[in-house]
Amino acid sequence: MARLAQTAGLTDVQQEILSTVRDFVDKEIIPVATELEHRDDYPQQIVDGLKELGLFGLMIPEEYGGLGESLLTYALCVEEIARGWMSVSGIINTHFIVAYMLKQHGTQEQKDHFLPRMAAGDIRGAFSMSEPGLGSDVSAITSKAVKDGDEYVLNGQKMWLTNGGTSSLVAVLVRSDEGHPEGTAPHKSMTTFLVEKEPGFGEVRPGLTIPGKIDKMGYKGVDTTELIMDDLRVPADRVLGGVTGRGFYQMMDGVEVGRVNVAARGCGVAQRAFELGVRYAQQRHTFGKPIAQHQAIQFKLAEMATKVEAAHAMMVNAARKKDSGERNDLEAGMAKYLASEYCKEVVEDAFRIHGGYGFSKEYEIERLYREAPMLLIGEGTAEIQKMIIGRRLLEEYRFQS
C-alpha cells in the first residue's frame, strides 16, 4: 500500500534524510515511546541518537556546522518524529526556533558564538513568551528589563517553557521601556534576551530559577517548566540583534516557523493514529468478519485518510512559502489550524475504532488521545489562528467602494 502524505518534488538529499529519520523512528522511537511516556522519562537515548544524526543542526547554515537544509526538510522530519512520539518533536522544535531567530536576527558575534554549538547539539535552545497571566496575548507581558550600565536587570515570571530544564540557552521576551517613551505601543517596547544557563532545576544561575517540571495530561517526557527571574543580570551584548524594541517582531518570525512545526506534528500524530486504526480494523472481528469490512468503519477510515492528506498538503505549502522568502503567516496559520483540528479528529476516530481497548494504557492510541489536545493550544489557539487568517484575508481581498 502506498503511504499517505507523500511529498512531490523532493531532492535526492531530502529523500535520503527522510528515509534515515523514518528508519530511526521505526527502530528507536516507536518501540519505547509509550513506556517512556507513561513514566514521564526524558528520552535521553533518543535525543543522543538525533544528535548523532545531525538533526540539531538541520536548518543551521553549513558555515556554522549545520546541514543548511530548508524549512520543508525540517518540517517533514518533524512529521516523521511526531509519528513516533510527539514529545521528541517538541524537543527539536524549541531548539530550532531559537536557532532560526539567531540566524535571522542575531549579531555576527551572537551567530559565531552560539550557532556552531547549537548545530552540534551541545547547546539546546528554549524560548519563552508566555506568562502565568497571559497566553496568546503577548502584548500583556509584564516581565521587565531595566538597563544598569553594561547590563540589563530582568525580573518576572514566565510559563510553559518546553525544554526549560534541559536547555542551556533561553530566548526570553520581556518589556524594555528604555528608549521608548511612555505611550509607545507594547509590541514596540519588547526585547528578546539570550539567556545562558546550566541545564537542570532549581537556581540554574544567579537570579534565574527553573522550579521543576509541570505535570501534564500528555506531552510527557519533554520537560515543560516555569522560569523565574529575580534581578537576573544579562550583558547588553545578549540582546538579540543588539538593539532593544525589536523582540516582538523577532519572536513572531520564530513563531511562524513554530506554527509550521506544530502543523507537522499534527500531521505526524494523525498519520500514526490512522496506521493504528486501519491495522486494528483488520484484526478485530465482529459479527463473523473483520470490522474493516463494515461500511461504517470504511467510511471512518476514508475520512481519516482524507484529513491526513489535506493537513499534510497545507503544511508543505506553508513550509515552501516560508522557504521562498515570502510572508507566510496566512499559510502557517491555516496549516496549524487545520492540522491540529484534523489531528484531534483522526485520533478520536482511531480511538473509537479500538473500542474499549482504546481506553487501555496497553494500546498506543491511548497515548495519542492525550497528546493531540496540546496541538490545539501550542503556538496559538485555534481562535488566534482564525484571527490571523481573517485579518490577512481582509488585507488580500480589501473591498474598494
Side-chain angles (χ1 to χ4, degrees), residues 56-61 64 66 69-75 77-78 89-107 110-111 114-115 118-119 123-131 134-139 141 143 158-164 167-174 176 187-188 190-195 224 227 238-265 315 318-319 321-333 335-336 375 377-381 384-385 388:
F56 283 98
L58 189 62
M59 276 184 68
I60 295 175
Y64 299 107
E69 274 295 330
S70 64
L71 177 59
L72 175 62
T73 307
Y74 165 61
C77 288
V78 166
S89 66
I91 294 170
I92 294 286
N93 177 43
T94 50
H95 176 83
F96 265 110
I97 288 179
V98 178
Y100 174 82
M101 289 167 61
L102 272 162
K103 181 183 74 170
Q104 294 296 108
H105 306 288
T107 65
Q110 289 168 351
K111 295 176 186 179
F114 290 114
L115 287 180
M118 294 186 79
I123 288 181
R124 306 280 171 78
F127 76 103
S128 176
M129 291 192 297
S130 188
E131 295 182 359
L134 63 97
S136 298
D137 183 11
V138 180
S139 65
I141 281 177
S143 297
K158 309 298 282 186
M159 195 72 175
W160 306 117
L161 275 76
T162 301
N163 285 348
S167 61
S168 46
L169 175 65
V170 185
V172 182
L173 184 65
V174 300
S176 57
H187 63 278
K188 294 183 178 179
M190 293 186 184
T191 299
T192 301
F193 286 87
L194 302 170
V195 178
T224 306
L227 180 148
R238 289 298 175 257
V239 170
L240 180 61
V243 180
T244 62
R246 297 179 180 175
F248 177 83
Y249 305 100
Q250 295 164 344
M251 279 283 182
M252 290 305 103
D253 190 22
V255 165
E256 283 185 15
V257 173
R259 284 178 179 149
V260 174
N261 173 282
V262 172
R265 282 195 257 179
M315 179 271 291
K321 192 75 176 286
K322 187 77 170 177
D323 282 333
S324 72
E326 297 181 69
R327 180 179 179 182
N328 87 326
D329 52 342
L330 175 63
E331 290 78 10
K336 191 274 174 185
L375 298 173
I377 302 167
E379 317 296 19
T381 62
I384 289 294
Q385 306 311 317
I388 293 169

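Predicted model, so just to flag it, every value in this text is computed and none were measured.
- With contacts defined as side-chain heavy-atom distances shorter than 4.5 Å, the pair Leu173/Ile141 qualifies.
- At a threshold of 4.5 Å between non-hydrogen side-chain atoms, the residues Met129 and Trp160 do not count as touching.
- The two residues His95 and Met118 make their nearest non-hydrogen contact at NE2-O, 3.2 Å.
- Here the side chains of Lys322 and Glu256 are in contact, with some heavy-atom distance below 4.5 Å.
- Ser167 has its side chain out of reach of Thr94: every pair of non-hydrogen atoms, C-beta onward, lies at least 4.5 Å apart.
- Considering only heavy atoms from C-beta on, Phe193 comes within 4.5 Å of Val239 through its side chain.
- Judged purely by atom type and a 3.5 angstrom limit, Arg259 uses its side chain to pair as donor or acceptor with the backbone of Glu379.
- Within the 4.5 Å cutoff, the side chain of Lys158 has no heavy atoms near those of the Val170 side chain.
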Practice problem: Decide yes or no on side-chain contact (heavy atoms from CB on, under 4.5 Å) for Arg265 and Val78, but give the supporting numbers first. | Solution: CA-CA 6 Å; Arg265 282 195 257 179; Val78 166; 3.7 Å; yes
Please evaluate residues Gln250 and Tyr100 with respect to the criterion side-chain contact (heavy atoms from CB on, under 4.5 Å), reporting the C-alpha separation (whole Å), side-chain torsions for both, the decisive distance (0.1 Å), and the verdict.
CA-CA 10 Å; Gln250 295 164 344; Tyr100 174 82; over 6 Å; no
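- By the 30° and 60° cut-offs, the orientation of the rings of Phe96 relative to Tyr74 is tilted.
- Using modelled atom types, one side-chain atom of Glu131 and one backbone atom of Ser143 make a donor-acceptor pair closer than 3.5 Å.
- By the salt bridge (charged side-chain N to carboxylate O under 4.0 Å, His left out) test, Glu331 is found to be paired with Lys321, residues two or more places apart in sequence or in another chain being considered.
- Within the 4.5 Å cutoff, the side chain of Val260 has heavy atoms near those of the Asn328 side chain.
- To the nearest 0.5 Å, atoms OG (Ser70) and CG (Leu58) are separated by 8.0 Å.
- A 4.5 Å side-chain heavy-atom check between Ile91 and Asn163 finds at least one atom pair inside the cut-off.
- Gln385 contributes a side-chain N or O that, together with a main-chain N or O of Gly380, makes up a donor-acceptor pair within less than 3.5 Å.
- Partner of Lys336 under the side chain to side chain contact (heavy atoms under 4.5 Å, CB included) criterion, chosen from Ile384, Ile388, Val262: Val262.
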